[in-house]
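Input: a single structure, listed below in structure tokens.
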Amino acid sequence: MRLDNMLLAEGVAGPEKGGGSAAAAAAAAAAGSPTDNSIEHSDYRAKLSQIRQIYHTELEKYEQACNEFTTHVMNLLREQSRTRPISPKEIERMVSIIHRKFSSIQMQLKQSTCEAVMILRSRFLDARRKRRNFSKQATEILNEYFYSHLSNPYPSEEAKEELAKKCSITVSQVSNWFGNKRIRYKKNIGKFQEEANLYAAKTAVTAAHAAAAAVQNSQTNSPTTPNSGGYPAPCYQSDGRIQ
DNA sequence: AGGTATGATTAGGA
DNA sequence: TCCTAATCATACCT
């Protein structure tokens with residue numbers, strides 16, 4: 001189960017000394033999964049390490065308090081030993097009672113830390129689920145690519161990465177967007193006609209500019225602009241994919 | 001408030 | 001593994 005692994009990896013479940021190395025291992029493990037949502041994910045990790053830090057400082061505090069209390073009790077016993085005989089067994093018993101008490105407190109701390117991690121985790125997953133529209137700029141870039149590659153709107157992995165970078169979204173978001181776009185375009189081409197014309201015109205203008213520059217450079221006047229003049233009518237393969 | 005747009009998720013296919 | 005198609009859940013618009 002992934003959740004258990006996460007909890008164990010975070011070093012929360014293991015209060016042993018050497019938590020530093022456990023934390024480092026956890027950080028390395030977390031960094032080792034270059035999945036989506038890097039921004040939110042880093043935020044999540046920051047909060048997680050905050051929780052972990054709190055846990056460790058609290059643990060230290062408890063330990064210190066335990067030691068202080070133990071020496072305090074020992075001093076009291078020593079004082080009492082002047083008036084009545086105190087066996088080593090009794091001292092041992094007292095110490096073990098104190099330790100037991102404090103370890104139960106530590107257990108509580110551990111439990112509440114685990115709870116905090118769980119809450120954080122579920123919030124993180126919820127946040128991922130929540131939808132946020134992409135920026136107008138990002139949509140523009142994606143649409144530009146889509147309509148200028150209408151005959152084959154399937155960006156390669158590299159193209160997806162490039163688009164993701166330009167739009168400051170993740171590659172999987174780019175894939176989602178193209179998946180949605182292809183299907184929705186196909187379902188209702190009429191509805192998207194205006195948009196298609198808009199973007200085709202836009203790319204035609206930029207292509208014209210490029211062509212003009214090329215003309216100026218080479219003095220030839222046969223610009224081979226892609227998609228110039230018309231908007232490619234989509235056709236479909238037998239398997240339903242946009243060709 | 002209700003309808004639409006849109007990003008994410010899921011199931012199933014090649 | 002990447003795709004389509006359907007669907008969900010929420011944002012956004014009127």
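The basis for the numbers below is simple: all heavy atoms, side chains too, and nothing from hydrogens, waters or symmetry mates. Numbers restart at 1 for each chain; the letters A, B, ... are given by sequence-line order, proteins then strands.
- Atom CG of A/N180 and atom P of C/dC2 are 17 Å apart (whole Å).
- Looking at A/K166 and A/E144, no side-chain N of the basic residue comes within less than 4.0 Å of a carboxylate O on the acidic one, giving no salt bridge.
- Regarding contacts with the backbone of B/dG7, every side-chain N or O of A/Q173 stays at 4.0 angstrom or more from both OP1 and OP2.
- Checking side-chain atoms of A/T139 against main-chain N and O of A/S135 turns up a donor-acceptor pair under 3.5 Å.
- One can place CZ of A/F146 at 13 Å from P of B/dT6, the figure rounded to the nearest angstrom.
- Between A/E92 and A/K89 no salt bridge is recorded (no basic side-chain N to carboxylate O distance below 4.0 Å).
- Remark: A/Y199 engages A/Y147 in a ring-ring contact (aromatic ring centres under 6.0 Å, His included) (not counting sequence neighbours).
- Listed nucleotides: B/dT9, C/dC8, C/dT4. Nearest to the side chain of A/R184: C/dC8.
- Atom C1' of nucleotide B/dA5 and atom CD of A/E195 are separated by 11 Å, given to the nearest angstrom.
- For the pair A/R182 CZ and C/dC3 C1', the interatomic distance rounds to 7 Å; values are reported in whole Å.
- Going from atom CG of A/L163 over to atom P of B/dG7 covers 14 Å, rounded to whole Å.
- A/K160 has no side-chain polar atom (N or O) that falls below the 4.0 Å cut-off from OP1 or OP2 of C/dC2.
- Between A/Y185 and A/F192, the two ring planes are tilted [angle within 30° to 60°].
- Distance, A/N176 CG to C/dT7 P: 18 Å, rounded to whole Å.
- Ring planes of A/F102 and A/F69: tilted class, angle from 30 to 60°.
- Between A/K181 and B/dT6, a side-chain N or O to OP1/OP2 separation shorter than 4.0 Å is absent.
- Counting to the nearest Å, the C1' atom of B/dA14 and the OH atom of A/Y154 are 13 Å from each other.
- Comparing C/dT4, C/dA6, C/dC2 by their closest approach to the side chain of A/I183 singles out C/dT4.
- In this structure, the CG atom of A/N188 is 15 Å from the C1' atom of C/dA5, given to the nearest Å.
- Residues A/V95 and A/I97 do not share a hydrophobic cluster, defined by chaining ILVMFWY side chains whose heavy atoms lie under 4.5 Å apart.
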What nitrogen or oxygen pairs link the protein and nucleotides 12-14 of chain C at under 3.5 Å?
none

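- The side chain of A/K187 sits closest to C/dA6 out of C/dA5, C/dA6, B/dT6.
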